[in-house]
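Each residue takes its place number in the sequence, starting with 1. No hydrogens, no waters, no symmetry mates; every other heavy atom, side chains included, goes into these values. It should be emphasised that the depicted structure is a prediction, and the values quoted were computed from it without experimental measurement.
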Amino acid sequence: MEGAQDSSASDPGAIRPGDDWSSPREIPNLLQMLQASESRRMGLAKDRGAGSPVGEVTEALKTDMQIQVSDQDQDCGQHHTLMPQGSRSHSSNETSSVNGDNFTDPESPRNIVQTTSRGLNDFCVKDIKNVASGRKEIRLAEQEMPALMELRRRAGGERPLAGAKIVGCTHITAHTAVLIETLCVLGAQCRWAACNIFSTQNRVAAALAEASVAVFAWRGQSEEDFWWCIDKCISGACWQPNMILDNGSDMTHWIQKKYPSIFKQLNGIVEESVTGVYRLYQLSKASRLIVPAINVTDCVTKQKFDNLYCCKESILDGLKKATNVMLGGRQVVVCGYGEVGKGCSAALKALGAVVYVTEVDPICALQAVMDGFQVIKLGEVVRQADMVITCTGNKNVVMREHMDRMKNRCIVCNMGHSNTEIDLASLRTPELQWVRVRPHVQHVVWPDGKRILLLAEGGLLNLSCSTVPSLVHSITATTQVLALMELYNSRDGRYKQEVYLLPKKMDEYVASLHLRCFDAHLTELTTEQAKYLGVSKQGPFKPHYYRVSAISDSSLLQTGTDLQGAEAMAPPGG
């Protein structure tokens with residue numbers, strides 16, 4: 001470590017306290033810093049005959065927080081992934097076979113005092129005794145996330161996030177644990193809550209707590225539990241967050257509403273979901289976004305790989321595990337043809353399903369037509385549909401009037417961000433009966449005996465009923481780490497109070513790290529070819545305005561501002 005620090009003194013790309021970064025043109029390029037770090041590491045390895053070890057996960061500063069959540073705003077519960085308050089009465093004694101985790105339990109972990117082997121109790125998980133099996137899950141995920149592990153090795157010695165205090169609100173799964181522990185290796189202190197009440201892997205949460213990460217999450221939370229966990233992450237003596245990593249903007253929303261003084265002092269926000277990014281643009285348009293934010297969901301590496309390829313594989317796994325349904329010949333309606341809808345439609349079509357698409361965006365609708373799907377309104381096809389899948393990230397897509405017209409045993413599920421896409425409140429009426437037939441599968445029965453199958457209570461199908469591939473999540477996680485490093489190490493004035501995209505050079509860097517595990521070899525441009533195309537031989541090969549999602553292009557307007565770093569984006573209609 002000392003050798004690396006001495007070497008960095010002469011490296012113009014190294015991060016050093018006290019540097020004058022007042023001018024954007026003088027800011028060291030993040031990729032140059034990583035490459036310089038790797039060169040030094042390889043040099044030291046050559047001298048010593050071995051590579052430098054991966055840094056140990058740093059312990060977060062622990063506090064025994066005594067915070068009571070009171071007077072929660074109505075806004076805070078209107079657009080997240082939770083069910084109406086009475087919706088869990090049918091499942092209080094059920095267990096889930098997904099990942100071997102308990103589904104729900106009458107006794108909340110909030111009422112149980114638990115401690116790690118080191119005597120720490122600044123966490124709240126289902127059962128701390130599940131540490132060993134959770135650690136095995138994390139180790140397995142590490143093998144499928146080579147780029148993130150490579151980034152950990154390259155930048156661990158530099159500790160570019162030293163001093164960062166990150167509060168996160170994401171799905172807590174094995175691959176997310178690899179992300180969290182990577183942030184700790186890079187110097188950050190982390191406190192974490194779940195963005196979805198059904199997606200937490202309890203064993204993984206226990207392993208994170210044992211590794212001194214203050215995690216507050218368990219599978220099957222109530223709405224009160226959900227906000228209590230978020231508040232626990234934020235509040236505490238001698239600890240104040242300066243960065244947010246969010247999925248759905250619930251953490252951002254809570255801090256902005258309940259802790260405005262903390263919100264004003266944040267270094268930045270990194271958001272990875274369509275719904276969350278939309279909320280950031282709303283704040284920006286209303287001049288209430290007072291800190292810079294990076295929009296990860298519209299980065300090419302997130303849109304094309306996580307949204308498309310991840311959903312393409314995981315939707316089938318979720319449907320099969322939940323229902324054992326035969327998909328060949330079934331008539332399926334996919335609501336929304338963004339990247340998630342494209343992946344879901346392609347997977348279902350490949351198994352022989354007859355797929356219809358609903359869309360509001362003419363560009364996406366034309367793409368669906370060109371891909372061989374019939375674009376139709378939901379009301380025109382709902383009577384004959386065997387399955388309806390929402391992929392929009394919007395609200396009230398499938399309404400009670402649609403469900404009243406569905407045929408017996410129609411399957412209804414969601415692959416979008418939250419359960420707002422299906423009008424669940426309209427199903428909580430006295431004339432309809434809810435019957436849980438297995439974990440994450442409920443029959444909603446009409447008076448005439450007709451029933452529909454509702455999966456995961458309208459929550460995310462893939463993360464509730466199965467899981468997602470670690471490899472594709474590695475792409476998004478690596479992008480998130482780079483975004484946090486970029487925001488945290490930028491000096492005042494580099495990023496304004498706007499929403500930005502990472503430059504294409506970083507997208508290409510993330511992609512190149514993952515090519516190695518496929519033994520893929522890139523062709524190099526000649527000097528003449530590069531000059532002809534008007535690009536550098538080393539990239540970026542795509543212009544800053546390049547996008548892969550028609551929805552992103554049509555709803556988010558590019559400002560054209562190039563700050564030699566992240567790319568500024570205007571809010572919708574801005």
Side-chain angles (χ1 to χ4, degrees), residues 30-31 34 141-142 144-152 154-156 160-161 164-195 199 208 213 241-252 266-277 280 291-307 310 417 463 468-490 495 499-503 505-511 513-514 565-567:
L30 180 57
L31 297 181
L34 293 173
E142 288 177 349
E144 284 291 302
M145 304 181 75
L148 193 60
M149 298 301 291
E150 180 68 13
L151 185 62
R152 184 188 295 191
R154 291 189 181 194
L161 291 176
K165 296 181 178 180
I166 301 172
V167 285
C169 185
T170 66
H171 303 287
I172 298 183
T173 58
H175 38 259
T176 306
V178 180
L179 164 64
I180 295 171
E181 293 187 346
T182 297
L183 295 175
C184 293
V185 169
L186 300 184
Q189 297 177 23
C190 296
R191 301 177 72 84
W192 228 263
C195 70
S199 64
L208 283 171
V213 177
N242 51 30
M243 299 288 293
I244 297 176
L245 179 56
D246 220 344
N247 183 325
S249 202
D250 288 320
M251 180 70 74
T252 301
L266 292 173
N267 287 55
I269 302 166
V270 174
E271 172 60 54
E272 70 159 305
S273 78
V274 173
T275 305
V277 164
L280 290 178
V291 295
I294 288 184
N295 165 8
V296 169
T297 195
D298 284 299
C299 291
V300 176
T301 45
K302 176 66 165 66
Q303 279 280 338
K304 198 65 176 177
F305 299 97
D306 195 335
N307 292 5
C310 175
H417 167 68
L463 282 163
V468 299
S470 296
L471 178 61
V472 76
H473 188 79
S474 175
I475 300 172
T476 297
T478 305
T479 305
Q480 289 171 315
V481 173
L482 290 175
L484 287 166
M485 292 168 62
E486 177 71 18
L487 280 179
Y488 182 70
N489 289 288
S490 64
Y495 294 116
V499 183
Y500 295 85
L501 286 173
L502 285 175
K505 184 66 175 176
M506 285 197 178
D507 276 325
E508 293 172 2
Y509 176 69
V510 172
L513 288 177
H514 287 85
E567 301 156 11

Discussion item. So which atom in Met145 and which in Ser470 form the shortest heavy-atom distance, rounded to 0.1 Å?
Written reply: CG-O, 3.6 Å
Response to the item:
side-chain contact (heavy atoms from CB on, under 4.5 Å) with Thr297: of Thr275, Leu501, Val274, only one passes, and it is Val274
Worksheet item: Should Val270 and Leu487 count as side-chain neighbours, where that means a heavy-atom distance under 4.5 Å?
Response: yes
Worksheet entry | Thr476 versus Thr479, side-chain donor and acceptor atoms under 3.5 Å | no
Worksheet item: Got a donor-acceptor contact below 3.5 angstrom from the Asn489 side chain to the Pro160 backbone?
Response: yes
Worksheet item: Between atom CD1 of Ile294 and atom CD of Glu272, what is the distance when rounded to the nearest 0.5 Å?
Response: 13.5 Å
Fill in: Backbone N/O of Lys165 and side chain of Asn242: donor-acceptor pair under 3.5 Å
yes
Discussion item. Quick one: does any side-chain atom of Asp246 pair with a main-chain N or O of Thr252 as donor and acceptor, under 3.5 Å?
Written reply: yes
Fill in: Gln189 side-chain N/O to Arg191 backbone N/O, donor-acceptor pair under 3.5 Å
no
Worksheet item: When rounded to the nearest 0.5 angstrom, what is the spacing between OG1 in Thr170 and CE in Met251?
Response: 9.0 Å
Worksheet item: Is a donor on one side and an acceptor on the other found under 3.5 Å between the side chain of Arg152 and the backbone of Val178?
Response: yes
Practice prompt. With side-chain contact (heavy atoms from CB on, under 4.5 Å) as the test, would you mind laying out the steps for Trp192 and Leu183 before giving the verdict?
Written response: CA-CA 12 Å; Trp192 228 263; Leu183 295 175; 3.9 Å; yes
Practice prompt. Work out which heavy atom in Cys169 is nearest to a heavy atom in Ala194; give both atom names and the distance.
Written response: SG-O, 3.6 Å
Worksheet item: Rounded to the nearest 0.5 Å, what separation is found between the CD atom of Glu181 and the CG atom of Leu186?
Response: 12.0 Å
Worksheet item: Going by heavy atoms in the side chains, are Leu179 and Leu245 under 4.5 Å from each other?
Response: yes
Item to complete: Write down the atom of Leu280, the atom of Ala293, and the distance for their closest heavy-atom approach.
Response: CD1-CB, 3.9 Å
Item to complete: Return yes if some donor-acceptor pair links the side-chain N/O of Thr176 with the main-chain N/O of His171 below 3.5 Å, else return no.
Response: yes
Discussion item. Angle between ring planes, Tyr500 versus Tyr495, binned at 30° and 60°: parallel, tilted or perpendicular?
Written reply: perpendicular
Worksheet, complete the sentence: side-chain contact (heavy atoms from CB on, under 4.5 Å) test vs Ile180 passes for just one of Val213, Ile172, Val185, Ile166, namely Val213
Fill in: Member of His514, His175, Glu150 meeting the side-chain hydrogen bond (donor to acceptor under 3.5 Å, both in side chains) criterion with Ser474
His514
Worksheet item: Within the distance-only criterion (no hydrogens, no angle test), does the side chain of Glu271 pair as donor or acceptor with the backbone N or O of Ser249 below 3.5 angstrom?
Response: yes
Worksheet entry | Point-to-point distance, once rounded to the nearest 0.5 Å, from CE of Met243 to CG of Leu484 | 4.5 Å
Worksheet entry | Asn267 vs Val291, side-chain contact (heavy atoms from CB on, under 4.5 Å): CA-CA, chis, key distance, verdict | CA-CA 7 Å; Asn267 287 55; Val291 295; over 6 Å; no
Worksheet, complete the sentence: So CD1 of Ile244 and CG of Leu266: to nearest 0.5 Å the spacing works out to 4.5 Å
Worksheet entry | Gap between atom SG of Cys184 and atom CG of Leu208 - 0.5 Å precision | 8.5 Å
